[in-house]
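These notes are about the structure you will find just below.
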Amino acid sequence: MGLWLLGTSGAVPDPQRDYISLVVEHAGRLILIEAGGSPLHRLGRTGLDPMGLEGVFLSHRHPDHLSGLPVLLMGLWLRGRAHPLWIAGPEDVMERARALLELFEWQSWNGMFPVNWRPIPLEPGAVVEATGGIRLIAAPVSHSVPTLALRMELPEGVAAYSADTAPCPEMIRLARGADVLIHEATGSYPGHTPPEGAGWVAREAGVRRLVLVHVPPEVDVEEWKSRAREAFAGPVEIGRDGMRVL
């Protein structure tokens, strides 16, 4: 039970890091967060059974967060899945996800399982899921396209995931008092966050621990951690693919 990082790279993966993705697991239930790359492959490497997947949350429409959705659904279908899968995220993500799947004529796949679409409003406190010991709460953050960050409340603890964003008050409020903040650290680009910015969010939110993800392949990870520590006095780590954070 807990929360794993399946992938931790930015928009350009490297041999050590695949596209950003997380998975929540509780009592055999799995919820995937982001769907770039090959989610089935990464779930298998983590030792989690993809057939326990009940939902997918997509933070925004950029391809490094979305492009693996068709192969995920195809793989589940080929393995004989019959029960429904929900897919949640901002409305424009739902539109693009449907359009992407239509390219592959997914609804014509013989015996295809049902997919339930859950558009999530771009407002603080929007509930994504709240059943069976898992509570997922979203809030809009500051990126180049509509984007939702996520707060994950589990029996093991509370985590917040920034998705792609510039440092912003909305993220601070969403992460308030969390055990761990999983925050992007792409660098000083519009709609993104440098490591010291992630440290500032962690400090202002009063979290216990900071894990930096969405890290470019060329950076010096020790420098990235040092810059985050300029603003945040708690533990700082660079996320690793396969790492358990709760």
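Position 1 is the first residue of the sequence, and the numbers go up from there. Both backbone and side-chain heavy atoms feed into the values below; hydrogens, waters and symmetry mates do not.
- Atom CG of L22 is separated from atom CE of M152 by 6.0 Å, given to the nearest 0.5 angstrom.
- The number of heavy-atom neighbours closer than 6.0 Å to CD of E223, taken from other residues, nucleotides and ligands shown, is above 12.
- A donor-acceptor contact shorter than 3.5 Å is absent between the side chain of T46 and the backbone of G44.
- With rounding to the nearest 0.5 angstrom, the CD atom of E153 is 11.5 Å from the CG atom of L246.
- Legend: side chain to side chain donor-acceptor pair (under 3.5 Å) pairs involving residues 2-12, not counting sequence neighbours, sorted by first then second residue: T8-D241.
- Side-chain contact check for P70 versus L100: some heavy-atom pair is nearer than 4.5 Å.
- Screening residues 140-186 for ring-ring contact (aromatic ring centres under 6.0 Å, His included) gives H60-H143, H62-H143, H143-H192 as the qualifying pairs, with residues at least two apart or on separate chains.
- Residues M94 and A88 come closest through the heavy atom pair CE-C, 3.4 Å.
- Under the side-chain contact (heavy atoms from CB on, under 4.5 Å) criterion, V115 pairs with L73, I87, W106, M112, F113, W117, not counting sequence neighbours.
- At a threshold of 4.5 Å between side-chain heavy atoms, the hydrophobic network of Ile, Leu, Val, Met, Phe, Trp and Tyr places W109 and L85 in one connected group.
- Side-chain contact between L148 and F57 is present, with heavy atoms from C-beta onward closer than 4.5 Å.
- Between the OG1 atom in T165 and the NE2 atom in H214 there is a gap of 11.5 Å [rounded to 0.5 Å].
- At distances below 3.5 Å, at least one donor-acceptor pair connects side-chain atoms of R81 with backbone N or O atoms of P84.
- Evaluation of the salt bridge (Lys or Arg N to Asp or Glu O under 4.0 Å) rule for E123 yields no partner, not counting sequence neighbours.
- With sequence neighbours excluded, no residue satisfies side-chain hydrogen bond (donor to acceptor under 3.5 Å, both in side chains) with E25.
- How far CE of M74 is from CG of L101: 11.5 Å, rounded to the nearest 0.5 Å.
- Applying the side-chain contact (heavy atoms from CB on, under 4.5 Å) test to A11 and every residue at least two apart in sequence or in another chain returns D64.
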Can you give the donor-acceptor pairs under 3.5 Å from side chains of residues 166-180 to other protein atoms, not counting sequence neighbours?
residue: R176; atom: NH1; partner: E204; partner atom: O; Å: 2.6
residue: D179; atom: OD1; partner: R208; partner atom: NH1; Å: 3.4
residue: D179; atom: OD2; partner: V158; partner atom: N; Å: 2.7

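- Under the side-chain hydrogen bond (donor to acceptor under 3.5 Å, both in side chains) criterion, T131 pairs with R29, E129, not counting sequence neighbours.
- Counting only residues at least two apart or on different chains, no side chain to side chain donor-acceptor pair (under 3.5 Å) pair has a member in residues 67-79.
- Legend: side chain to side chain donor-acceptor pair (under 3.5 Å) pairs involving residues 87-98, not counting sequence neighbours, sorted by first then second residue: R61-D92.
- With sequence neighbours excluded, the residues that form a side-chain hydrogen bond (donor to acceptor under 3.5 Å, both in side chains) with S59 are E34.
- Within the 4.5 Å cutoff, the side chain of I33 has heavy atoms near those of the L150 side chain.
- Atom-to-atom distance recorded for T193:OG1 and D164:CG is 8.5 Å, nearest 0.5 angstrom.
- Distance check: M243 CE to L6 CG gives 13.0 Å after rounding to the nearest 0.5 Å.
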side-chain contact (heavy atoms from CB on, under 4.5 Å) assessment of L53 paired with M51: CA-CA 5 Å; L53 193 64; M51 297 304 279; over 6 Å; no

Carefully, step by step, assess I31 and L136 under the rule side-chain contact (heavy atoms from CB on, under 4.5 Å). CA-CA 10 Å; I31 296 174; L136 306 181; 3.9 Å; yes

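- With sequence neighbours excluded, the residues that form a side-chain hydrogen bond (donor to acceptor under 3.5 Å, both in side chains) with E222 are K225.
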